[in-house]
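Lettering follows sequence order; numbering is per chain, from 1.
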There are 2 protein chains.
Amino acid sequence: MRLLIAKCEVVYQGRLGAHLPPAIRLVLLKADGSIAVHSDTKAYKPLNWMSPPCEIIETEEKITVTKAKGERLDITLHEVLSDYRIDMGEDPGLAKDGVEAELQALLRDRLNMMEDGLTLIRREYPTDIGPVDFLCRDTAGETVVIEVKRIGEISGVEQLVRYRDRLSLDPLLAPLRALYVATKIKPQAKVLAESQDIRCVEIPLEKLRETEGTRLSLF
Amino acid sequence: MRLLIAKCEVVYQGRLGAHLPPAIRLVLLKADGSIAVHSDTKAYKPLNWMSPPCEIIETEEKITVTKAKGERLDITLHEVLSDYRIDMGEDPGLAKDGVEAELQALLRDRLNMMEDGLTLIRREYPTDIGPVDFLCRDTAGETVVIEVKRIGEISGVEQLVRYRDRLSLDPLLAPLRALYVATKIKPQAKVLAESQDIRCVEIPLEKLRETEGTRLSLF
DNA sequence: AGGTGTATGTCGCAT
DNA sequence: ATGCGACGTACACCT
């Protein structure tokens, strides 16, 4: 990694055009071939950047970065205040939990936490407007379309309505109803869901984790 | 701005959980009160971060960051390799040339590229759920509700459906139909649009730029 | 390579 | 505060 602190001017031309007047900034050149220009504001976001693969050409007073599709970043260095390099070695990487993928994996083995007696027809059931998280059958033999979200917001309800409408065109799946599952569902999303005859189920992550899965409990 | 390079271990608990095993990383503390942990990969994204407002408490071997809503970032410093501070002064900020705005401006003078014989009733026609990009009349005297997007995705279709539903309540505007215009429209959005009787028109940006506007050609 | 959905998305702006 | 749309969204995952 290379940390270059300099008074510089930046021009980006690509998906849009952008210009940065001269000021002192941090230019961050990573080992992955990326480059980013940071000011002392904007939290974690750089003012300008280019992600790999890109070509970085450097002279005494200019860094020119180009990408395949005609994108271009020009950094004019007016004064270099510091130029520091360090070898960081390999990064062991990041472990995450609590994302939608984990939720789905947990729920797959705990279908009964969403509703008693559900059996799985298919996970990621494909439709031509996108995949349904879970397609299940209930004890009465009705098909249940399920959308899972980490945080249940309005847009998720709309997504679910689309899936239900789309699948209701298929006579093999009728009759059909929908279920909205999230660790937390926002009040307005609940209102919208209920107005669309969609049942909401909130399952806190801790509760999911502390229980054994249905599948496991069979053995 | 402060650039801290250290062998460190990071734990984030908040909207999700994340853990970083010990390794050499860059800890970036900005004047805006933000903090970000960067590795030598991942292009412009930090591995972990916290944006302001947040409270940063530092001891010899630990940085603890907390936010109002129970978010928490713990950085354990095993070995500090470098600790550099610099005053960057005010940043003059970023000037951008928008693309969405340009697209609309170009189309306004080229209504016939969306559909032959359109006349403009109003741009940014106001409704109580937001402004319609273009409201036009066609050769048959029908009102046409138009939504313009740079990239045509499903959510744009939904937006357009809401506008059409809303405006169809106004007897002065009936009969009414909708048109979805974008430089590129995604397949799933097309499917949804057509199922809602919405016509899709794709107009590449280059094509827009190379043509003269209708308005101009009148003179 | 292109399409789709997720994100600790973030960032504005309007309500 | 919440909702909604835009972003050079970036990014992983799939065909």
Contact class for [X] vs. all strands (heavy atom < 4.0 Å): base, sugar-phosphate, or nothing?
| X | result |
| --- | --- |
| B:K149 | sugar-phosphate |
| A:I154 | sugar-phosphate |
| B:R162 | sugar-phosphate |
| B:G14 | nothing |

*Return the residues of residues 178-200 of chain B meeting this criterion: a heavy atom under 4.0 Å from some atom of DNA chain D. Order them by number, or give none.*
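Going residue by residue through residues 178-200 of chain B, none turns out to have a heavy atom under 4.0 Å of DNA chain D.
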Check the distance between [N]'s [atom2] and [X]'s [atom1] and give it to me in whole angstrom.
| X | N | atom1 | atom2 | value |
| --- | --- | --- | --- | --- |
| A:L94 | C:dT6 | CG | C1' | 15 Å |
| A:Q104 | C:dG5 | CD | P | 13 Å |
| B:I151 | C:dG2 | CD1 | P | 13 Å |
| A:D128 | C:dG5 | CG | P | 11 Å |
| B:L103 | D:dC7 | CG | C1' | 15 Å |
| B:E124 | C:dC13 | CD | P | 15 Å |

What residues, two or more places apart in sequence or in another chain, satisfy side-chain contact (heavy atoms from CB on, under 4.5 Å) together with [X]?
| X | result |
| --- | --- |
| A:K45 | B:Y44 |
| A:Q159 | A:E147, A:K149, A:R162, A:Y163 |
| B:I121 | B:L135, B:R137, B:T143 |
| A:R72 | A:T64, A:T66, A:D74 |

*Quick check: are there more than 12 heavy atoms from other residues, nucleotides or ligands sitting under 6.0 Å from CD of A:E124?*
yes
*asked:* Would you say NZ of B:K62 has more than 12 non-hydrogen atoms from neighbouring residues, nucleotides or ligands within 6.0 angstrom?
replied: yes
*Return the residues of residues 21-30 of chain B meeting this criterion: a heavy atom under 4.0 Å from some atom of DNA chain C. Order them by number, or give none.*
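Correct list: empty, so none.
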*With sequence neighbours excluded, what pairs up with B:E61 under the salt bridge (charged side-chain N to carboxylate O under 4.0 Å, His left out) test?*
none
*Could you list all the salt bridge (Lys or Arg N to Asp or Glu O under 4.0 Å) pairs where at least one residue sits in residues 21-37 of chain A, not counting sequence neighbours?*
A:R25-B:D91
Under 3.5 Å, side-chain donor or acceptor atoms of residues 185-196 of chain B against the rest of the protein: list the pairs with distances, not counting sequence neighbours.
{"residue": "B:K186", "atom": "NZ", "partner": "B:E153", "partner atom": "OE2", "Å": "3.3"}
{"residue": "B:K190", "atom": "NZ", "partner": "B:E202", "partner atom": "OE1", "Å": "3.0"}
{"residue": "B:S195", "atom": "OG", "partner": "B:L192", "partner atom": "O", "Å": "2.7"}

Could you list the donor-acceptor pairs under 3.5 angstrom formed by side chains in residues 92-104 of chain A, with sequence neighbours left out?
{"residue": "A:D97", "atom": "OD1", "partner": "A:R209", "partner atom": "NH2", "Å": "3.0"}
{"residue": "A:E100", "atom": "OE2", "partner": "A:Q104", "partner atom": "NE2", "Å": "3.4"}
{"residue": "A:E102", "atom": "OE1", "partner": "A:G98", "partner atom": "N", "Å": "2.4"}
{"residue": "A:E102", "atom": "OE1", "partner": "A:R209", "partner atom": "NH2", "Å": "3.2"}
{"residue": "A:E102", "atom": "OE2", "partner": "A:R209", "partner atom": "NE", "Å": "3.4"}
{"residue": "A:E102", "atom": "OE2", "partner": "A:R209", "partner atom": "NH2", "Å": "3.4"}
{"residue": "A:Q104", "atom": "OE1", "partner": "A:R123", "partner atom": "NE", "Å": "3.3"}
{"residue": "A:Q104", "atom": "NE2", "partner": "A:D133", "partner atom": "OD1", "Å": "3.2"}

*Roughly how far, to the nearest 0.5 Å, is the CD1 atom of A:I5 from the CG atom of A:L77?*
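Going from CG on A:L77 over to CD1 on A:I5, the span is 12.5 Å.
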*Expressed as a whole number of Å, how far does the P atom of D:dG8 sit from that of D:dC4?*
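22 Å, rounded to whole Å.
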_Whole-angstrom distance between C:dT4 and C:dT8, as gauged at atom P_ =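 These two P atoms come out 22 Å apart once rounded.
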*For A:T183, what residues pass the side chain to side chain donor-acceptor pair (under 3.5 Å) criterion, not counting sequence neighbours?*
none
*Produce a footprint string for nucleotides 8-14 of chain D: one letter per nucleotide, 5' end first; B if the base is under 4.0 Å from any protein heavy atom, S if only the sugar-phosphate is, - if neither.*
BSSS---
